[in-house]
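Written below as structure tokens is the structure these notes are about.
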2 protein chains.
Amino acid sequence: MSTPDFSPAGVKPAPLNEAAIALVARRFAVLSEPMRLRLIHALFAGERSVNELVDLTGGTQTNISRHLQTLAQAGIVGRRKEGLQTIYAITDPSIGQLCELVCGCLKQQLSSQVDALAP
Amino acid sequence: MSTPDFSPAGVKPAPLNEAAIALVARRFAVLSEPMRLRLIHALFAGERSVNELVDLTGGTQTNISRHLQTLAQAGIVGRRKEGLQTIYAITDPSIGQLCELVCGCLKQQLSSQVDALAP
DNA sequence: ACGCTATATGCGTATATGCGCATCTAGTGT
DNA sequence: ACACTAGATGCGCATATACGCATATAGCGT
């Protein structure tokens, strides 16, 4: 019984080395900030400049810019200079599925908690 | 242009309120620790006692116990007392899909980086 | 009751990271 | 050249959290 495999029903993922774990953890960490999720959400409606994102999310320019750096480094968004502006856009299409998946299972967990409270 | 919707191709998720954002962020945060990912990975092979998980992951008892608390509070794992031992098991089946999804897109990103280095 | 084992937890420390202020850089128009 | 705007970044602060040590709790056997 040495190093068991991921997935509940024989889906055969990678053999779980340290590097892979670190990468996955990092990816989740990038998605674990509310402001970054707001940015991702805003960008799903289409590409946006930094200033537009500042307005849409209500954050400060500094903060938004830094979060966008983080998202870009993670390969989740891409940037394009256009004159004075920097336009950001989602580049990783799987992000949508990720959020869907999480939202779905959260909804399910919450509703079963509701059921537990009102049986 | 007020509060755009998630998902790139009309998948209609929740309207993105603050509470939802916080919950999703929290879920990702729970998954952003390498040791917790190792625990999840180990648990996919079947339920395990704390001591077994300590052996499998190489962590300390204190640390493993605390991470298991975190995972349990997040509803990702469940626990069952069996005599002296506490047996933990995955309860959220979507976790597997999540990790698959992340691994998949990371693999893709990495391979395109490889292509960029060796065109 | 006593000791042993398995887990959980209070406390302190080290590190990471989000945030804002001020400032820097770069492109644009006068 | 100068001023203006959009964005990025150095620095410092505040907070969160992972980790370990020691200890508490709880079930089991003698």
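Treat the numbers as computed from the prediction; the structure is a model and nothing was measured. Letters A, B, ... mirror the listed sequences (proteins, then strands); counts begin at 1.
Put simply, CG on A/D55 is 10 Å from P on D/dG7, counting in whole angstrom units. As a whole-Å value, the separation of B/R48 CZ from C/dA6 P is 16 Å. If you take CD of B/E82 and C1' of D/dA26, they are 16 Å apart, rounded to a whole angstrom. Distance B/I64 CD1 to D/dC19 P: 8 Å, rounded to the nearest Å. One atom, CE of B/M35, and another, P of D/dT17, lie 18 Å apart when rounded to the nearest Å. Taking atom CG of B/L53 as the reference point, atom C1' of C/dT7 lies 12 Å away to the nearest angstrom. In this structure, CG of A/L84 is placed 17 Å from P of D/dA3, rounded to the nearest angstrom. Going from atom CD of B/Q69 over to atom P of D/dA18 covers 13 Å, rounded to whole Å.
Of the candidate nucleotides C/dG20, C/dT7, D/dC19, C/dT7 has the atom lying nearest to any side-chain atom of B/T86. With D/dG20, C/dA6, D/dA8 as the candidates, the nucleotide lying closest to the side chain of B/R66 is D/dG20. With distances taken from any side-chain atom of B/V50 to the nucleotides C/dA8, C/dT17, D/dC19, the minimum falls on C/dA8. When the nucleotides D/dA6, C/dC19, C/dT7 are ranked by their closest atom to the side chain of A/Q85, D/dA6 comes out on top.
Interface remark: the B/T62 side chain does form a donor-acceptor pair with the D/dA22 base, using a distance-only criterion of under 3.5 Å. Side-chain N/O atoms of A/S49 and base N/O atoms of D/dA6 include no donor-acceptor pair closer than 3.5 Å. Evaluation of atom-type donor-acceptor distances gives a pair under 3.5 Å for the side chain of B/Q61 against the base of C/dA8.
For A/R80 and A/Q85, the side-chain atoms include no donor-acceptor pair closer than 3.5 Å. Between the side chains of B/Q73 and B/R26, no donor N or O sits under 3.5 Å from an acceptor N or O.
Remark: A/H67 is not in phosphate contact with C/dT17, judged by side-chain N or O atoms under 4.0 Å from OP1 or OP2. A sub-4.0 Å separation between OP1 or OP2 of D/dC19 and a side-chain N or O of B/N63 is present. At C/dG18, one or more side-chain N or O atoms of A/R36 fall inside 4.0 Å of OP1 or OP2 (strictly under the cut-off). Listed pair A/Y88 / D/dA6 fails the phosphate criterion, with no side-chain N or O lying under 4.0 Å from OP1 or OP2. In terms of phosphate contacts, B/N51 brings a side-chain nitrogen or oxygen within less than 4.0 Å of OP1 or OP2 of C/dT7. The shortest distance between the side-chain N/O atoms of B/T60 and the OP1/OP2 oxygens of D/dG20 is below 4.0 Å. Contact annotation: A/R26 reaches the phosphate of C/dT17 (side-chain N/O to OP1 or OP2, under 4.0 Å).
Side-chain contact between A/I40 and A/I76 is present, with heavy atoms from C-beta onward closer than 4.5 Å.
Looking at heavy-atom distances under 4.0 Å, B/S65 makes contact with a base. Using a 4.0 Å heavy-atom cutoff across all strands shown, B/R80 reaches no nucleic acid atom at all. Residue contacts shown for A/E33 are limited to sugar-phosphate atoms, with no base heavy atom under 4.0 Å away.
Shortest non-hydrogen contact noted between B/L37 and A/I21 is CD1-O, 3.7 Å.
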**Message:** Please determine whether side-chain contact (heavy atoms from CB on, under 4.5 Å) holds for the pair A/L110 and B/L23, giving the CA-CA distance in whole Å, both sets of side-chain angles, and the decisive distance to 0.1 Å.
**Reply:** CA-CA 11 Å; A/L110 287 179; B/L23 281 176; 3.7 Å; yes
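Using a 4.0 Å cut-off between charged nitrogen and carboxylate oxygen, A/E33 and A/R38 do not count as a salt-bridge pair.
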